[in-house]
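This structure is a prediction, so every number in the text was calculated from the model and none was measured.
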Amino acid sequence: MKKCLLPLLLLLGVAVSAAQPVTLPGGTVVTGLALNHLPDKGSRLDSDILAVSVPPERKGDSNLVTARLDLKPYRNKTIQLSVPVRADNVSVPEQKWNGIKFQMAVKSADGETQYQGSALPTGSFDWQLAAFDIPVTGNDGTLQFGLQDSSGTVEFDLSKLKIRVLHSADNDTYRAEYTPEVQNRIRRRGVMLPQRDMTRGDLETLAKWNVNLIRFQFCRNWGRRGTDRDLADYDRWFDERLNNLDYLVSEAPKYGIQVVIDLHTPPGGWKDPHNVMCMFSELEYAGHFLELWQKLATHFKGNPGVWAYDLINEPRALKKNGFDDWKLQLIAAQLIREIDPDTPILVTTNWGGGTGCWDEMRAFELKNIIYQLHFYNPIGYTHQYVHQKRRPDEPFRTYPGEITQNAKTESWDKERLRRELNGVLNFSKKHNAKIYVGEFSAIGWAPGADRYLRDCIELFEENGWDWSYHSFRESPFWNVEMKYDGEGNFIPAPEGTARQSVLREYFVRNSTPEKKETAK
């Protein structure tokens with residue numbers, strides 16, 4: 001598992017070539033600003049476009065336009081301010097924190113003034129989004145637009161100046177809120193589906209197993225770099241998958257099964273470094289991601305076949321020079337809540353949704369938010385020889401046993417798994433938050449895989465977490481209907497496997513009365 005990067009303040013300012021000002025869906029447009037005088041006769045305010053022009057001989061002056069902003073509605077909250085910006089021939093300032101200024105000064109109760117602003121490049125660039133976060137400790141603030149210690153021209157589209165609430169000052173002690181229907185839901189135990197279209201035969205098998213939850217993936221080109229950048233092509237594929245999802249959401253409840261809608265492949269796909277998702281650094285794809293969730297929420301609002309919206313499968317964001325993974329998920333959740341107030345939303349930690357980033361996770365101050373975990377620890381056991389070829393004389397790693405993870409070899413058993421889950425459990429208790437284990441598994445040739453699955457499930461059951469196994473009839477590595485033949489192959493196992501027996505033992509807990517209740 002990758003070690004988490006330290007959280008950074010959101011720095012938008014992502015270069016996007018665009019003929020029109022750019023922004024993201026949602027937020028509240030700031031209106032009624034009373035701007036002070038323009039700094040130079042070359043500056044102007046024309047149809048909400050504020051242009052500040054500074055000749056070289058004037059760059060040392062205070063070339064800022066200011067406006068007072070009433071912050072009383074946002075007192076003791078952290079807010080995000082954003083505005084489209086473009087520049088022409090802006091010179092490099094002596095101090096790196098000068099140059100283009102889009103910032104706010106806030107005076108706290110003790111009289112101290114705090115400044116926060118967006119980091120923006122110099123030179124010339126087309127419309128891009130500038131944004132910053134700031135905690136509000138006073139009743140008013142002063143917005144500043146312009147140039148400092150730089151010459152050139154910068155333009156701000158004030159018609160798209162937005163403010164968005166991120167979280168409150170007491171977020172660290174926030175207790176998750178759930179509607180009675182969600183709070184009292186029956187337990188869900190299920191499987192993740194393959195990338196292909198599902199059939200009635202698949203549903204009949206899952207019903208026979210007593211599965212009551214399936215995780216449907218919008219997935220293609222998994223993990224490949226440089227794909228899914230053509231949004232027209234992406235949308236054609238997305239709409240085709242939506243047709244099968246409509247079928248599932250309609251048919252699955254007849255078998256007592258609900259559906260998790262998982263956006264597995266994000267618009268823009270992945271890129272280097274670290275195979276991060278393009279939408280965390282490129283506004284075009286971030287905006288499309290948000291629009292997709294608005295579309296899905298509108299399409300499925302109030303549909304009893306949907307158990308939850310799964311915003312991003314295993315987010316990967318560098319948290320610098322782009323969009324914070326937490327904030328982009330928050331914006332998506334806020335937009336969904338404007339359309340669908342009730343359907344649960346699944347939020348996932350950075351770097352794959354594993355156990356490593358829960359100390360950085362901040363609670364969402366929205367109703368019916370469920371936090372998702374993907375559990376493959378220790379990955380040196382669960383994924384052994386998935387990505388590296390095994391030598392003929394090399395032994396398989398056994399569970400329980402001595403296994404290496406993150407360059408550390410130690411004994412892994414149920415108690416070690418329990419300790420691995422402490423960060424998730426602490427977050428859950430701290431925020432009264434529901435947890436869903438969206439994926440867990442062990443490759444079929446791993447000795448003791450059935451024992452590993454049993455220990456994992458017992459811990460999930462002990463903590464009252466819903467879960468879905470990875471995966472049903474997808475890769476033979478994880479397919480519990482196939483067995484390893486000892487010679488490098490997986491073959492069908494009509495008699496079943498030990499791993500399948502473990503799963504079905506716990507699926508039985510999805511009782512028939514509960515199924516009937518769900519299907520009503």
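In this structure, the separation between OG1 on Thr355 and CD on Glu420 is 3.5 Å, given to the nearest 0.5 Å. Between atom CG of residue Asn377 and atom OG1 of residue Thr382 there is a gap of 7.5 Å, rounded to the nearest 0.5 Å. Rounding to the nearest 0.5 Å gives a distance of 12.0 Å between CD1 of Ile403 and CD1 of Ile379. Going from atom CG of Asn368 over to atom CD1 of Ile345 covers 8.5 Å, rounded to the nearest 0.5 Å. Taking CD of Glu402 as the start and OG of Ser411 as the end, the distance is 5.0 Å to the nearest 0.5 Å. Distance check: Lys327 NZ to Gln80 CD gives 7.5 Å after rounding to the nearest 0.5 Å.
Annotation: cation-pi pair Arg397/Tyr385 present, NZ/CZ under 6.0 Å from the ring centroid and within 45° of its normal.
A salt bridge is absent between Arg236 and Glu240: the closest approach of a Lys/Arg side-chain nitrogen to an acidic carboxylate oxygen does not fall below 4.0 angstrom. Salt bridge status for Arg187 with Asp466: present, with a side-chain N to carboxylate O gap under 4.0 Å. For the pair Asp455 and Arg451, the salt-bridge criterion is met [side-chain N within less than 4.0 Å of a carboxylate O]. Classification of Arg362 and Asp172 as a salt-bridged pair fails, no side-chain N sitting under 4.0 Å from a carboxylate O.
Between the Asn510 side chain and the Arg189 main chain, a donor and an acceptor come within less than 3.5 Å of each other. Checked by atom type and distance alone, the side chain of Tyr74 never pairs as donor or acceptor with a backbone atom of Val165 at under 3.5 Å. Between the side chain of Asp133 and the backbone N or O of Thr78 there is no donor-acceptor pair closer than 3.5 Å. Judged by distance alone, the side chain of Glu177 and the main-chain N or O of Lys367 form no donor-acceptor pair under 3.5 Å. Using a distance-only test at 3.5 Å, with no hydrogens or angles considered, a donor-acceptor pair links the side chain of Asn171 to the main chain of Ala363. Under a 3.5 Å cut-off, the side chain of Gln217 and the backbone N or O of Leu193 do form a donor-acceptor pair. A distance-only check finds no donor-acceptor pair linking the side chain of Glu474 to the backbone of Asn479 [under 3.5 Å]. Asp359 places no side-chain N or O within 3.5 Å of a backbone atom of Gly423 that could act as its donor or acceptor partner. The backbone N or O of Thr265 lies less than 3.5 Å from no partner atom in the side chain of Asn221, so there is not a single donor-acceptor pair. Asp202 places a side-chain N or O within 3.5 Å of a backbone atom of Thr199 that can act as its donor or acceptor partner.
Taking the six-membered ring where tryptophan is involved, the planes of His264 and Trp222 are tilted, since the angle between them lies from 30° to 60°. Between His383 and Tyr376, the two ring planes are perpendicular [angle over 60°; tilted spans 30° to 60°]. Ring orientation note: the planes of His167 and Trp326 are nearly perpendicular, at an angle over 60° on the 30°/60° scale.
A donor-acceptor pair shorter than 3.5 Å can be found between the side chains of Arg225 and Asn275.
Put simply, the side chain of Phe132 reaches to within 4.5 Å of the side chain of Leu81, judged on heavy atoms. Using a 4.5 Å cut-off on side-chain heavy atoms (C-beta onward), Trp293 and Leu290 make no contact. Using a 4.5 Å heavy-atom cutoff, the side chains of Asn210 and Arg504 are not in contact. Here the side chains of Tyr371 and Thr349 are not in contact, with every heavy-atom distance at 4.5 Å or above. Side-chain contact check for Val260 versus Tyr436: some heavy-atom pair is nearer than 4.5 Å. No side-chain heavy atom of Lys77 sits less than 4.5 Å from a side-chain heavy atom of Val136. Put simply, the side chain of Ile457 reaches to within 4.5 Å of the side chain of Phe440, judged on heavy atoms. Contact annotation: the side chain of Thr348 never approaches that of Asp325 to less than 4.5 Å [non-hydrogen atoms, C-beta and beyond].
Here the shortest heavy-atom pairing between Phe427 and Ala433 reads CE2-CB, 4.1 Å. What you find for His274 and Trp351 is that their closest heavy atoms are CB-CH2, 3.7 Å. Tyr484 and Gly444 make their closest contact through CB-O, 4.3 Å (heavy atoms, listed as atom of the first residue, atom of the second, distance). When all heavy atoms are compared, the tightest approach of Gly352 to Glu314 is O-CG, 3.3 Å. Counting all heavy atoms, side chain and backbone alike, Met198 lies closest to Phe472 at CE-CE2, 4.2 Å. Residues Pro25 and Arg164 come closest through the heavy atom pair O-NH2, 3.2 Å.
Scored by the side chain to side chain donor-acceptor pair (under 3.5 Å) test, Glu291 finds no partners at all (sequence neighbours excluded). Under the side chain to side chain contact (heavy atoms under 4.5 Å, CB included) criterion, Arg185 pairs with Glu181, Val182, Trp307, Pro344, sequence neighbours left out.
Ring centroid separation for the pair Phe300 and Tyr309 does not come in under the 6.0 Å cut-off. A distance of 6.0 Å or more separates the ring centres of Phe375 and Trp465.
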**Study point:** Step-by-step side chain to side chain contact (heavy atoms under 4.5 Å, CB included) determination, Gln384 to Trp445
**Key:** CA-CA 9 Å; Gln384 57 184 294; Trp445 56 44; 4.0 Å; yes

Check your understanding: What's the verdict on side chain to side chain donor-acceptor pair (under 3.5 Å) for Glu461 and Trp467, showing C-alpha distance, side-chain angles and the deciding distance?
Key -> CA-CA 9 Å; Glu461 294 286 321; Trp467 52 265; 2.9 Å; yes

Check your understanding: Checking salt bridge (charged side-chain N to carboxylate O under 4.0 Å, His left out) for the pair Asp233/Arg220: CA distance, chi angles, key distance, verdict?
Key -> CA-CA 12 Å; Asp233 177 66; Arg220 68 173 182 176; 3.0 Å; yes

Review point. Under the side chain to side chain contact (heavy atoms under 4.5 Å, CB included) criterion, do Asp228 and Phe238 qualify, and how do the steps go?
Key: CA-CA 11 Å; Asp228 298 290; Phe238 184 90; over 6 Å; no

**Study point:** Stepwise side chain to side chain contact (heavy atoms under 4.5 Å, CB included) check, Met279 with Ile312
**Key:** CA-CA 11 Å; Met279 67 179 183; Ile312 309 173; 3.6 Å; yes

Practice item. Please report the C-alpha distance between Tyr452 and Arg499 in whole Å, then the side-chain angles of each, then the deciding distance to 0.1 Å, and finally whether the side chain to side chain contact (heavy atoms under 4.5 Å, CB included) criterion is met. Key: CA-CA 9 Å; Tyr452 174 83; Arg499 292 173 296 134; over 6 Å; no

Please table the atom pairs, donor to acceptor, closer than 3.5 Å between any side-chain atom in residues 486-496 and protein atoms at least two apart or in another chain.
residue: Asn489; atom: ND2; partner: Asp485; partner atom: OD2; Å: 3.3
residue: Glu495; atom: OE2; partner: Lys483; partner atom: NZ; Å: 3.0

